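Given the structure is predicted, the values throughout are model-derived calculations rather than measurements.
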Amino acid sequence: MELVHSGKVRDVYADGDELILVATDRVSVYDVVLPTPIPDKGKILTQLSLWWFEQLADVVPNHVVSATDVPDEWRGRAIRCRRLTMLPVEWIARGYLAGLGLKEYEKGGAVSGVPLPDGLVEASRLPEPIFTPTTKATVGHDEFITYDDVVREIGADTAARLRDVTLEVYRRGAALAAERGIVIADTKLEFGRAADGTLVLGDEVLTPDSSRFWPADQWKPGGPQHSLDKQYVRDWSGGLDWDRTPPGPPIPQDVVAATRARYIEVYERLTGRRWES
């Protein structure tokens with residue numbers, strides 16, 4: 001197989017007309033891959049995505065061809081999938097104010113051009129979920145754009161369809177997670193076009209790398225939340241004397257263990273399955 005792309009977390013191999021998407025144990029913060037892996041991370045991301053793809057199959061087609069027809073050395077962390085022409089937008093839905101969305105709101109009371117009520121604080125629940133797209137930068141950082149920017153980039157019909165799908169994926173996921181005692185604060189999706197023109201959900205969906213997960217019984221607006229996602233690593237790295245450029249700092253083993261435990265916890269709580277490493 002030919003390695004056609006190596007991203008921050010995933011490696012993509014070509015196999016005839018299909019691709020093999022391999023989730024590694026690499027972890028990145030501020031677009032920098034850190035030198036210390038998180039054991040089982042790639043398998044958890046893959047297995048949780050597969051579970052969500054099943055839950056959301058009636059909302060939008062996905063890129064999965066097979067989770068078993070993959071090389072043995074990648075079994076559990078790889079997906080055989082359709083080739084897609086990926087769209088140049090990060091499709092983000094937010095139900096709570098956190099992260100870069102919070103910083104954007106603090107600048108002018110809006111996120112991606114969507115005005116929000118005055119007086120919101122960190123972790124505030126929004127009146128309704130909002131669509132807050134960003135660019136998909138190959139170099140540097142993603143930047144907030146407006147829905148009108150998305151329309152200009154890919155056309156009105158596609159923009160409207162995928163905005164609605166993004167919000168529906170978030171609503172469906174958030175409702176299911178709430179039944180299991182988890183708040184999904186926000187999530188990021190990626191879409192592409194299949195060879196026949198179908199709009200398809202690709203990459204990953206509602207994982208601890210692409211979403212913010214908080215225990216519902218600990219949610220308290222007004223400050224940082226207990227995270228069950230990659231935010232734990234971001235918070236650790238944010239306290240370091242580091243300029244956020246490569247090479248990144250090694251992760252201490254206690255942070256590695258705590259991060260792995262969070263990924264496992266959210267997998268088990270969402271799916272109802274015991275994690276077997």
Side-chain angles (χ1 to χ4, degrees), residues 52 55-56 58-60 87 89-136 141-154 156-191 199 201 204-231 234-235 266 269-270:
W52 278 117
Q55 312 307 310
L56 300 165
D58 62 323
V59 176
V60 59
L87 298 175
V89 175
E90 297 280 10
W91 304 82
I92 299 172
R94 299 178 187 274
Y96 295 75
L97 201 55
L100 294 178
L102 172 64
K103 292 182 178 179
E104 190 74 3
Y105 169 78
E106 290 173 341
K107 291 178 184 177
V111 185
S112 287
V114 180
L116 294 172
D118 294 338
L120 299 181
V121 296
E122 182 171 2
S124 285
R125 184 173 183 174
L126 303 180
E128 61 181 1
I130 60 173
F131 173 57
T132 61
T134 70
T135 59
K136 187 159 62 175
H141 303 290
D142 299 337
E143 301 290 341
F144 282 103
I145 55 178
T146 67
Y147 176 69
D148 288 343
D149 293 327
V150 178
V151 169
R152 284 189 288 270
E153 182 74 27
I154 63 173
D157 290 346
T158 301
R161 163 67 176 154
L162 293 184
R163 175 196 58 192
D164 293 347
V165 168
T166 298
L167 290 170
E168 181 59 21
V169 166
Y170 173 79
R171 290 189 186 101
R172 181 80 67 88
L176 192 153
E179 296 173 358
R180 292 154 170 80
I182 291 176
V183 170
I184 302 181
D186 54 38
T187 196
K188 176 179 70 175
L189 306 176
E190 294 200 31
F191 295 97
L199 292 168
L201 176 61
E204 62 183 328
V205 57
L206 295 167
T207 73
D209 269 18
S210 65
S211 315
R212 283 186 174 83
F213 296 117
W214 304 331
D217 60 359
Q218 298 181 45
W219 170 60
K220 185 178 180 180
Q225 305 298 299
H226 179 81
S227 65
L228 297 174
D229 54 63
K230 194 171 73 170
Q231 188 62 41
R234 293 192 194 99
D235 291 344
V266 80
R269 290 181 65 172
L270 286 171

**Message:** Restricting to non-hydrogen atoms, name the atom on A159 and the atom on V151 that form the minimum distance, rounded to 0.1 Å.
**Reply:** CB-CG2, 3.8 Å
**Asked** Looking at CD of E190 and CD1 of I92, how far apart are the two atoms once the value is rounded to the nearest 0.5 Å?
**Response** 10.0 Å
**Request:** Compute whether any side-chain donor of one residue and acceptor of the other, for S211 and T187, lie under 3.5 angstrom apart.
**Result:** yes
**Asked** Closest heavy-atom contact between E168 and V59?
**Response** CG-CG1, 3.8 Å
**Request:** Please confirm whether the backbone N or O of G223 pairs with a side-chain atom of Q225, one donor and one acceptor, at under 3.5 Å?
**Result:** yes
**Request:** Locate the shortest heavy-atom distance separating S210 from V205; write the atom from each residue and the value.
**Result:** OG-C, 4.3 Å
**Prompt:** Can you find a heavy atom in the side chain of W52 that is under 4.5 Å from one in the side chain of L176?
**Reply:** yes
**Request:** Return the minimal non-hydrogen interatomic distance between V89 and P133, and the atom names on each side.
**Result:** CG1-CB, 3.9 Å
**Request:** Taking only Lys NZ, Arg NE, NH1 and NH2, and the carboxylate oxygens of Asp or Glu, determine whether K103 and E106 approach each other closer than 4.0 Å.
**Result:** no
**Prompt:** So do the side chains of L270 and F213 get within less than 4.5 Å of each other, counting heavy atoms only?
**Reply:** yes
**Asked** Mind checking what makes side chain to side chain donor-acceptor pair (under 3.5 Å) contact with R125, not counting sequence neighbours?
**Response** none
**Asked** For the side chain of S112 and the backbone of T146, is there at least one donor-acceptor N/O pair under 3.5 Å apart?
**Response** no
**Asked** Does CG belonging to D157 count more than 12 external heavy atoms closer than 6.0 Å?
**Response** no
**Message:** Is any side-chain heavy atom of W91 closer than 4.5 Å to one of V150?
**Reply:** yes
**Backbone N/O of L56 and side chain of R172: donor-acceptor pair under 3.5 Å** = no
**Message:** Between Y170 (side chain only) and I184 (backbone N and O only), is there a donor and an acceptor less than 3.5 Å apart?
**Reply:** yes
**Message:** Contact between L100 and T132 at the side-chain level, heavy atoms closer than 4.5 Å - yes or no?
**Reply:** no
**Item:** Salt bridge flag under 4.0 Å for residues R212 and D186
**Value:** yes
**Asked** Rounded to the nearest 0.5 Å, what separation is found between the CZ atom of R234 and the CG atom of D229?
**Response** 6.5 Å
**Request:** In sequence, state the C-alpha distance, the side-chain angles, and the governing distance for T158 and L87, and then conclude on side-chain contact (heavy atoms from CB on, under 4.5 Å).
**Result:** CA-CA 10 Å; T158 301; L87 298 175; 4.2 Å; yes
**Complete:** In terms of heavy-atom contacts, W214 and A98 come closest through CZ2-CB, 3.9 Å
**side-chain contact (heavy atoms from CB on, under 4.5 Å) assessment of F131 paired with V114** = CA-CA 8 Å; F131 173 57; V114 180; over 6 Å; no
**Prompt:** Is it true that a side-chain atom of E104 and a backbone atom of A110 form a donor plus acceptor pair closer than 3.5 Å?
**Reply:** no
**Message:** Determine whether V60 and L162 satisfy the following criterion, side-chain contact (heavy atoms from CB on, under 4.5 Å), listing intermediate values before the conclusion.
**Reply:** CA-CA 9 Å; V60 59; L162 293 184; 5.6 Å; no
**Message:** Rounded to the nearest 0.5 Å, what separates atom CZ in R171 from atom OG1 in T166?
**Reply:** 10.5 Å
**Residues K188 and D142 bridged, charged N to O under 4.0 Å** = no
**Message:** Quick one, R152 and D149 - any side-chain contact, counting heavy atoms below 4.5 Å?
**Reply:** yes
**Asked** Mind checking whether Y96 and W219 have parallel, tilted or perpendicular rings, split at 30° and 60°?
**Response** perpendicular
**Asked** Under 3.5 Å, is there a donor-acceptor pair between the side chain of Y105 and the main chain of L120?
**Response** yes
**Message:** So D209 and E204, do their side chains get closer than 4.5 Å, heavy atoms only?
**Reply:** yes
**Prompt:** Any idea which heavy atoms bring D58 and Q55 closest together, and the distance?
**Reply:** OD1-O, 3.7 Å
**Asked** Does some side-chain heavy atom of L116 sit less than 4.5 Å from a side-chain heavy atom of L97?
**Response** yes
